**Student:** 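Here it is, the structure, as structure tokens.
The figures here come from the full heavy-atom set of this structure, side chains too, leaving out hydrogens, waters and symmetry mates. Each residue takes its place number in the sequence, starting with 1. Everything numeric in this text was worked out from a predicted model, so none of it was measured.
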Amino acid sequence: VTDRTIHVDVETLGFIPSAKTFALVVHGDSMKGRGVLDGDCVIVDGKREARNGDMVAALIDQECTLKTLVKDKTGTFLKPENPAYGNLWPVNDLQIQGVVRALIRTIV
């Protein structure tokens, strides 16, 4: 669902977008430890391979979320960057939609 359109030039963006690049508006405070706040807009690169420690947009058991990807000896899970929330372990499915590459914040 498209709520709005934003136009950002490539120089400001910092990478060359592809057809798999998209924007998400953040809801909640689970990533405030990485400087991402409620209402921010993140630019996600759906073409880039996600690595351990990347901030990713993901579908975990059919729910969309923005978290840090963790791969260790216990498995792969999603970590919030706010101690008020626990790690997310997939019950059935984890699909990484893309890696967060930029953040846009509107100051009111």
Side-chain angles (χ1 to χ4, degrees):
V1 177
T2 302
D3 291 337
R4 62 186 177 188
T5 302
I6 59 173
H7 297 277
V8 181
D9 63 82
V10 174
E11 288 179 10
T12 301
L13 192 56
F15 71 99
I16 299 172
S18 73
K20 294 185 176 193
T21 301
F22 59 96
L24 291 175
V25 176
V26 176
H27 298 284
D29 64 353
S30 69
M31 294 304 287
K32 72 179 188 177
R34 287 192 66 176
V36 179
L37 306 177
D38 187 56
D40 285 349
C41 178
V42 293
I43 308 300
V44 181
D45 184 353
K47 191 174 175 181
R48 182 171 165 184
E49 184 73 26
R51 298 180 297 236
N52 190 37
D54 282 344
M55 187 184 321
V56 298
L59 285 174
I60 182 167
D61 299 321
Q62 303 305 312
E63 295 211 19
C64 185
T65 192
L66 185 73
K67 301 287 184 279
T68 299
L69 179 66
V70 177
K71 298 178 182 182
D72 66 15
K73 62 184 175 207
T74 63
T76 300
F77 62 95
L78 300 176
K79 177 185 172 209
E81 298 296 343
N82 180 338
Y85 300 94
N87 294 333
L88 299 176
W89 292 85
V91 174
N92 294 310
D93 190 36
L94 174 61
Q95 296 176 26
I96 304 303
Q97 303 296 302
V99 176
V100 174
R101 299 287 305 273
L103 180 135
I104 299 170
R105 177 170 296 145
T106 302
I107 299 176
V108 184

**Student:** Are Val99 and Leu78 connected into the same hydrophobic cluster when the rule is that any two of I, L, V, M, F, W, Y join if their side-chain heavy atoms are below 4.5 Å apart?
**Tutor:**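 Result: yes, single cluster for both.
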**Student:** How long is the span from the CG atom in Leu69 to the CD1 atom in Ile96, to the nearest 0.5 Å?
**Tutor:**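 Here the interatomic distance stands at 5.0 Å.
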**Student:** Between Val70 and Asn87, is any pair of side-chain heavy atoms under 4.5 Å apart?
**Tutor:**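 Contact flag for Val70/Asn87 side chains = no.
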**Student:** Got a second to check how far Arg34's CZ is from Lys79's NZ, nearest 0.5 Å?
**Tutor:**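 The NZ atom of Lys79 is 8.5 Å from CZ of Arg34, to the nearest 0.5 Å.
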**Student:** Does anything in residues 32-84 pair up under ring-ring contact (aromatic ring centres under 6.0 Å, His included), and if so which pairs, sequence neighbours excluded?
**Tutor:**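 Qualifying pairs, neighbours excluded: Phe77-Trp89.
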**Student:** Treating Ile, Leu, Val, Met, Phe, Trp and Tyr as nodes and any side-chain heavy-atom pair under 4.5 angstrom as an edge, say whether Val100 and Met31 lie in one connected cluster.
**Tutor:**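 Yes, same cluster.
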**Student:** Other than Ile107, which residues form its hydrophobic cluster under the rule that side-chain heavy atoms must be closer than 4.5 Å?
**Tutor:**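 Answer for Ile107: none, a lone residue.
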**Student:** Just list the side-chain donor-acceptor pairs under 3.5 Å for residues 13-27, sequence neighbours left out, or say none.
**Tutor:**
unit_1: Ser18; atom_1: OG; unit_2: Lys20; atom_2: N; d: 3.0
unit_1: Thr21; atom_1: OG1; unit_2: Ser18; atom_2: N; d: 2.9
unit_1: Thr21; atom_1: OG1; unit_2: Ser18; atom_2: O; d: 3.4

**Student:** With sequence neighbours left out, which residue pairs that include part of residues 87-100 fulfil the salt bridge (charged side-chain N to carboxylate O under 4.0 Å, His left out) condition?
**Tutor:**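 Output for this query is empty, none listed.
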**Student:** Let me have the donor-acceptor pairs involving side chains of residues 48-58, under 3.5 Å, with sequence neighbours excluded, atom names and distances please.
**Tutor:**
unit_1: Asn52; atom_1: OD1; unit_2: Lys71; atom_2: N; d: 2.7
unit_1: Asp54; atom_1: OD2; unit_2: Arg51; atom_2: N; d: 2.7

**Student:** Tell me every residue that passes side chain to side chain donor-acceptor pair (under 3.5 Å) with Gln97, counting only those two or more places apart in sequence or in another chain.
**Tutor:**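 Side chain to side chain donor-acceptor pair (under 3.5 Å) list for Gln97, sorted by chain: empty.
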**Student:** Quick one: which residue pairs count as a ring-ring contact (aromatic ring centres under 6.0 Å, His included) with a foot in residues 47-67, not counting sequence neighbours?
**Tutor:**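 Of all non-adjacent pairs touching residues 47-67, none passes ring-ring contact (aromatic ring centres under 6.0 Å, His included).
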**Student:** Can you name the side-chain contact (heavy atoms from CB on, under 4.5 Å) partners of Asn92, sequence neighbours left out?
**Tutor:**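 Asn92: side-chain contact (heavy atoms from CB on, under 4.5 Å) contacts with Asp61.
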**Student:** In chain order, what residues pass the side-chain contact (heavy atoms from CB on, under 4.5 Å) check against Leu103, with sequence neighbours excluded?
**Tutor:**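 Applying side-chain contact (heavy atoms from CB on, under 4.5 Å) to Leu103 gives Val36, Asp40, Val42, Arg105.
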**Student:** Kindly compute the distance separating OG1 (Thr65) from CD1 (Ile60), expressed to the nearest 0.5 Å.
**Tutor:**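 That separation rounds to 7.5 Å.
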**Student:** Which pairs pass ring-ring contact (aromatic ring centres under 6.0 Å, His included) with one or both residues in residues 51-76, sequence neighbours excluded?
**Tutor:**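 Qualifying pairs, neighbours excluded: none.
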**Student:** Using modelled atom types and a 3.5 Å cut-off, is there a donor and acceptor pairing between side-chain atoms of Asn82 and backbone atoms of Lys32?
**Tutor:**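 No; zero donor-acceptor contacts below 3.5 Å.
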**Student:** Ser30: what forms a side-chain contact (heavy atoms from CB on, under 4.5 Å) with it, not counting sequence neighbours?
**Tutor:**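 Testing Ser30 for side-chain contact (heavy atoms from CB on, under 4.5 Å), a comparison that skips the adjacent residues, returns Lys67, Pro80, Tyr85.
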